[in-house]
Amino acid sequence: MNYREDKSYRKWILAALLTAAGVLLSPLFSFPLGVTRAFPLQHMINIFLAVLCGSRYSTSAAFCTSVIRNLLGTGSLLAFPGSMVGAFLSGFLYSRLHALWAAVLGEFVGTSLIGGLLSYPIAALFMGSSKGALFYVSLFSISCGAGCVIAYVVLKSARLIQTEFIKTK
C-alpha cells in the first residue's frame with residue numbers, strides 16, 4: 001500500500017467515525033424546530049470533514065448520517081438537502097480558498113439558502129407541508145448557524161493551540 005492509498009483510507013475512517021458520532025450524538029444535541037429538528041452537530045461535522053478531508057468525504061458522511069438517522073426514525077427527509085449541499089459547498093470553497101471562513105460560509109449558504117430552498121418541494125410532495133420556501137430557509141439558518149459557530153470556534157482554537165505549541169518548541 002502506498003502513501004496516497006493510506007491517506008485516503010485514513011480520511012474514510014475519519015469520515016466513518018464522524019458519521020457514527022453524528023448519529024449517536026444527534027438525539028442528545030438536537031431541538032425541535034417547526035416541522036423538523038435542528039441538528040447543529042451535523043453542520044459542525046460537515047465543516048470538520050470539509051476542512052480536514054475534503055468535499056467528497058464531508059458529502060458522503062452527510063449522506064450516510066442522513067440515511068442512518070432516517071432508518072432509525074430520528075431524522076427526516078429534509079436532512080438530505082439540508083446537510084449534503086452544505087457539506088459539498090463547504091469542502092468546495094475550502095479547497096479553493098484554503099480559509100476556515102470559506103468552509104463556514106459554504107456550509108451556511110449551502111445548507112440554509114440552497115438546502116432550505118430544495119427542502120420546500122420535498123416537504124410539500126412527501127411530507128404534506130404547506131409552508132413556504134422561506135420557512136425552511138429560516139429553520140435551517142438557525143440550526144446551521146449554531147453548528148457553524150461551534151465548528152469555527154473549535155477549529156480556530158485548535159489552530160491557535162497548534163501554533164502556540166510550535167512556537168514553544
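It should be emphasised that the depicted structure is a prediction, and the values quoted were computed from it without experimental measurement.
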Asks: Nearest heavy-atom pair of Gly22 and Thr65: which atoms, and what distance?
Replies: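 Looking at all heavy atoms of both residues, the shortest contact is C-CG2, 4.3 Å.
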Asks: Could you check if a side-chain atom of Glu107 sits within less than 4.5 angstrom of a side-chain atom of Leu89, using non-hydrogen atoms only?
Replies: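 They are not in contact (no side-chain heavy atoms under 4.5 Å apart), so the answer is no.
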Asks: Could you report the tightest heavy-atom contact between Phe80 and Val67, atom names first, then the distance?
Replies: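 That closest heavy-atom pairing would be CE2-CG2, 3.7 Å.
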Asks: Measure the shortest side-chain to side-chain distance between Ser119 and Phe140 over non-hydrogen atoms and say whether it is less than 4.5 angstrom.
Replies: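 SC-SC contact between Ser119 and Phe140 confirmed.
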Asks: Taking the side chain as every heavy atom from C-beta outward, state whether Asn46 and Ser90 have any atom pair closer than 4.5 Å.
Replies: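 Not touching, per the 4.5 Å side-chain cut-off.
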Asks: Count the heavy atoms of every other residue, nucleotide or ligand shown that sit under 6.0 Å from OH of Tyr57, and state whether that count exceeds 12.
Replies: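 Above 12, so yes.
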Asks: Please report the shortest heavy-atom distance between Cys53 and Lys11, naming the atom on each side.
Replies: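 Shortest heavy-atom contact: O-NZ, 3.6 Å.
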Asks: Which value, rounded to the nearest 0.5 Å, describes the distance between Ile13 atom CD1 and Tyr9 atom OH?
Replies: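 Reported to 0.5 Å precision, the distance equals 9.5 Å.
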Asks: Below 4.5 Å, heavy atoms only, C-beta onward: do Leu14 and Arg10 meet side chain to side chain?
Replies: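 No, side chains not in contact.
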Asks: When rounded to the nearest 0.5 angstrom, what is the spacing between CG in Leu155 and CD1 in Ile150?
Replies: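 If we round to the nearest 0.5 Å, Leu155:CG and Ile150:CD1 are 11.5 Å apart.
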Asks: Is any side-chain heavy atom of Arg69 closer than 4.5 Å to a side-chain heavy atom of Gln42?
Replies: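 In short, these two side chains touch, coming nearer than 4.5 Å.
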Asks: Report yes or no: does Thr111 contribute a side-chain atom to a donor-acceptor pair with the main-chain N or O of Ser83 at less than 3.5 Å?
Replies: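 No.
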Asks: Nearest 0.5 Å, what's the CG-OG distance between Leu93 and Ser95?
Replies: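 Reported value, rounded in 0.5 Å steps: 7.5 Å.
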Asks: Consider only side-chain heavy atoms of I, L, V, M, F, W and Y, link residues closer than 4.5 Å, and tell whether Phe63 and Leu52 are in one cluster.
Replies: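 Phe63 and Leu52: separate clusters.
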Asks: Is the backbone of Gly91 close enough, under 3.5 Å, to the side chain of Ser55 for a donor and an acceptor to pair up by distance?
Replies: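 Not confirmed, Ser55 side chain does not pair with Gly91 backbone.
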Asks: Say whether, by atom type as modelled, one donor and one acceptor occur between the side chain of Ser26 and the main chain of Val23 under 3.5 angstrom.
Replies: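 Looks like yes, one N/O pair under 3.5 Å.
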Asks: Indicate the atoms forming the closest heavy-atom contact of Ala62 with Ala87, along with that distance.
Replies: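 The pair with the smallest heavy-atom distance is CB-CB, 4.0 Å.
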Asks: State plainly whether one hydrophobic cluster holds both Leu77 and Tyr120, where clusters connect Ile, Leu, Val, Met, Phe, Trp and Tyr through side-chain heavy atoms under 4.5 angstrom apart.
Replies: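 Cluster IDs for Leu77 and Tyr120 match.
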Asks: Just verifying a value: how many Å separate Trp12 CH2 and Leu17 CG, rounded to the nearest 0.5 Å?
Replies: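 Rounded to the nearest 0.5 Å, the CH2-CG separation comes to 13.5 Å.
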Asks: What are the two closest heavy atoms between Leu18 and Ile45, and how far apart are they?
Replies: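 Closest approach of Leu18 to Ile45, heavy atoms only: O-CD1, 3.5 Å.
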Asks: Does any N or O in the side chain of Ser112 come within less than 3.5 Å of the main-chain N or O of Val109, such that one atom is a donor and the other an acceptor?
Replies: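 Here the side-chain-to-backbone pair does not exist.
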Asks: When you measure from the side chain of Thr59 to the backbone N and O of Arg56, does any donor-acceptor pair fall under 3.5 Å?
Replies: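 Here the side-chain-to-backbone pair does not exist.
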Asks: Taking the side chain as C-beta and beyond, is there a heavy-atom pair between Ser141 and Phe108 under 4.5 Å?
Replies: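 Yes, their side chains come closer than 4.5 Å.
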Asks: For His43 and Ser143: C-alpha separation, side-chain torsions, deciding distance, then whether side chain to side chain donor-acceptor pair (under 3.5 Å) applies.
Replies: CA-CA 8 Å; His43 308 293; Ser143 175; 3.2 Å; yes
Asks: Specify the closest pair of heavy atoms between Thr74 and Phe39, including all atoms of both residues, with the distance to one decimal.
Replies: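 Looking at all heavy atoms of both residues, the shortest contact is O-CZ, 3.3 Å.
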Asks: Using 30° and 60° as the class limits, which term best fits the ring planes of Tyr94 and His98: parallel, tilted or perpendicular?
Replies: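 Geometry flag for His98 against Tyr94: perpendicular rings.
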Asks: Apply side chain to side chain contact (heavy atoms under 4.5 Å, CB included) to residues Ile47 and Tyr152 and explain how you reach the verdict.
Replies: CA-CA 8 Å; Ile47 294 171; Tyr152 185 83; over 6 Å; no
Asks: Are Val85 and Leu105 linked, directly or through intermediate hydrophobic residues, by side-chain heavy-atom contacts shorter than 4.5 Å (ILVMFWY only)?
Replies: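 Cluster IDs for Leu105 and Val85 match.
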Asks: Check the hydrophobic clustering (I, L, V, M, F, W, Y; side-chain heavy atoms under 4.5 Å; chains of links allowed) and say if Val154 and Val51 are grouped together.
Replies: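 Yes, Val154 and Val51 fall within the same hydrophobic cluster.
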Asks: Drop me the distance from Leu41's CG to Phe48's CZ, to the nearest 0.5 angstrom.
Replies: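 Going from CG on Leu41 over to CZ on Phe48, the span is 9.0 Å.
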